Amino acid sequence: ITLKQGTYVITISGENLDACTYDMVTELGEHAIVTTEVIHEDNEIQYTLSLPVDTDLVEFRLKNESVQSAQFNYLKIELME
């Protein structure tokens, strides 16, 4: 996905998300995007980030770090004004 320059709020909805880690990268994992965690609970992860320039090949990654299953429902991307 391509994101325009700006500040974003990212919300991930699901179940057992407190057992998951997450990150954002560009260029097929070559560059990490710095995020600031707002919420990391069982049914929701929310974080913010600022992009100084338009950014191509953005990946949102979610990894289950437990033996219990986790369910991903949706990802919401909001540009803050």
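Every value quoted in this text rests on a predicted model; they were computed, and no experiment measured them.
- Looking at Asn73 and Asn43, their side chains never come closer than 4.5 Å, going by heavy atoms from C-beta outward.
- Expressed to the nearest 0.5 Å, how far CD1 of Ile1 lies from CD1 of Ile77 amounts to 4.0 Å.
- Within the 4.5 Å cutoff, the side chain of Leu17 has no heavy atoms near those of the Asp42 side chain.
- Using a 4.5 Å heavy-atom cutoff, the side chains of Thr36 and Tyr47 are not in contact.
- Lys76 NZ to Glu44 CD: the interatomic distance, rounded to the nearest 0.5 Å, is 8.5 Å.
- If you take CG on Leu51 and CD on Gln5, they are separated by 8.5 Å, rounding to the nearest 0.5 Å.
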Exercise. Apply the test side chain to side chain contact (heavy atoms under 4.5 Å, CB included) to residues Leu75 and Leu62: give CA-CA distance (whole Å), side-chain angles for both, the deciding distance (0.1 Å), then the verdict.
Key: CA-CA 11 Å; Leu75 173 80; Leu62 184 66; over 6 Å; no

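- Note that the CD1 atom of Ile33 and the OH atom of Tyr8 stand 10.0 Å from one another [nearest 0.5 Å].
- To the nearest 0.5 angstrom, Leu49 atom CG is 7.5 Å from Thr7 atom OG1.
- In this structure the side chain of Val38 never reaches within 4.5 angstrom of the side chain of Val9, judged on heavy atoms.
- In this structure the side chain of Ile12 never reaches within 4.5 angstrom of the side chain of Phe60, judged on heavy atoms.
- How far CZ of Arg61 is from SG of Cys20: 14.0 Å, rounded to the nearest 0.5 Å.
- Considering only heavy atoms from C-beta on, Asp23 stays 4.5 Å or farther from Thr35 through its side chain.
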